[in-house]
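Note that these values count all heavy atoms, side chains included, but never hydrogens, waters or copies made by symmetry. Starting from 1, each residue takes its place in the sequence as its number.
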Amino acid sequence: MKMAFTFDWTLKASDILTSLTIIVSVVALLTAWTKDRDSRTREQADRVRTAAAKTLVKLERWQGLQRSLYSELHPVYVETSEILSKRFDVVSARDYLWKRISAQRVHIASRVLDEGIETAYVDLFAYHPSVRSTFLEAVAKLKENEEVAASLLLRDTQAAVMSFEGKRAGYTTAMLGNALREAAFPIEQKLMQSSSQTLAPIRDELYALISSDDRDILKRSTGAAK
């Protein structure tokens, strides 16, 4: 005797409900997983952006500190011109000026050290080890630019002071003050120009990193770590 097998092709409401529940659960799980992954990606990328921004701000801070030397010296020029007016000893006036210039440079160097400008790359180094060499090369060049500017400042301000030798008659304090400012101004401008040129490559690199897509930032970090 043969037995016939039949299939019940009818769908029960409970079966449909179960299937829909499973599908909804899977979709919800995938959605939550995607959001969590995107959140972690964004968080990691933002850490890189923050480190890059900090590095950039510190480098630009160096420029600001070095430029402050020239504004801080304006009162010193007045004091130097007054010293010359009292005794009209150009050597003493020159010595006073050089002493104050050197003291101000030491003060700025101390602030650079205290603010950790020369180690600003450390946080970014964990994500982009290659930034270390680029950063240190830029800092070395910035220091070289500053040394050149300082030498020119001492030389040209000395020339301005010494140019008043034997010219006491008709001298006023404004004369030397103006001469010192005129001597310092082009040196300041050249220092800002040369330091901006030095910073341009690493500034562009950091700007590009900060503005990159989250995944691109992490790809760069992964590639740098290899």
Side-chain angles (χ1 to χ4, degrees), residues 21-72 103-150 187-226:
T21 301
I22 294 173
I23 291 172
V24 170
S25 298
V26 170
V27 170
L29 180 62
L30 290 174
T31 301
W33 179 82
T34 300
K35 288 183 177 179
D36 184 58
R37 181 195 61 187
D38 292 344
S39 178
R40 289 197 304 270
T41 299
R42 165 65 63 160
E43 183 180 346
Q44 293 171 358
D46 283 345
R47 283 201 293 266
V48 178
R49 288 191 183 95
T50 299
K54 176 182 176 181
T55 303
L56 181 59
V57 167
K58 290 288 188 177
L59 284 172
E60 293 181 342
R61 174 62 174 160
W62 184 96
Q63 264 192 314
L65 284 174
Q66 298 304 330
R67 188 164 207 168
S68 72
L69 169 68
Y70 297 87
S71 59
E72 294 292 337
Q104 188 60 31
R105 287 186 66 210
V106 169
H107 175 66
I108 291 173
S110 178
R111 292 186 66 180
V112 168
L113 182 63
D114 291 343
E115 294 183 26
I117 292 176
E118 295 184 15
T119 56
Y121 69 91
V122 171
D123 290 344
L124 186 59
F125 179 73
Y127 308 103
H128 288 271
S130 62
V131 77
R132 181 178 183 274
S133 59
T134 306
F135 182 92
L136 293 180
E137 286 175 7
V139 169
K141 184 63 177 176
L142 289 174
K143 287 182 177 180
E144 181 182 327
N145 294 340
E146 191 276 332
E147 288 285 349
V148 170
I187 299 171
E188 175 188 358
Q189 296 302 302
K190 187 174 181 179
L191 174 59
M192 291 302 102
Q193 181 181 19
S194 62
S195 59
S196 292
Q197 290 173 346
T198 297
L199 291 176
I202 190 169
R203 180 185 285 123
D204 291 344
E205 180 180 344
L206 293 174
Y207 271 132
L209 180 61
I210 293 169
S211 61
S212 293
D213 175 79
D214 292 346
R215 299 188 185 283
D216 187 40
I217 287 178
L218 297 183
K219 285 179 182 179
R220 292 190 189 189
S221 299
T222 302
K226 293 180 179 178

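- Taking CG of N145 as the reference point, atom OG1 of T198 lies at 4.5 Å (rounded to 0.5 Å).
- For A149 against Y70, the heavy-atom pair with the smallest separation is CB-OH, 3.7 Å.
- Under the side-chain contact (heavy atoms from CB on, under 4.5 Å) criterion, E115 pairs with K58, R61, L65, R111, I117, not counting sequence neighbours.
- Counting only residues at least two apart or on different chains, the salt bridge (charged side-chain N to carboxylate O under 4.0 Å, His left out) pairs with a member in residues 120-132 are K54-D123.
- Residues satisfying the salt bridge (Lys or Arg N to Asp or Glu O under 4.0 Å) test with E137, not counting sequence neighbours, are none.
- Within the 4.5 Å cutoff, side-chain heavy atoms of Q197 are placed close to those of Q193.
- The side-chain contact (heavy atoms from CB on, under 4.5 Å) search around Q104 returns L69, E72, H107, I108, not counting sequence neighbours.
- Residue pairs meeting the salt bridge (charged side-chain N to carboxylate O under 4.0 Å, His left out) criterion with at least one partner in residues 187-201, sequence neighbours excluded, are R67-E188.
- For E146, the side-chain contact (heavy atoms from CB on, under 4.5 Å) partners are W62, Q66, R105, A150, not counting sequence neighbours.
- Every residue meeting the side-chain contact (heavy atoms from CB on, under 4.5 Å) condition with R203, not counting sequence neighbours, appears here in chain and number order: L56, E60, Q63, L199, Y207.
- Counting only heavy atoms from C-beta outward, the side chains of Y121 and T134 never approach each other to under 4.5 Å.
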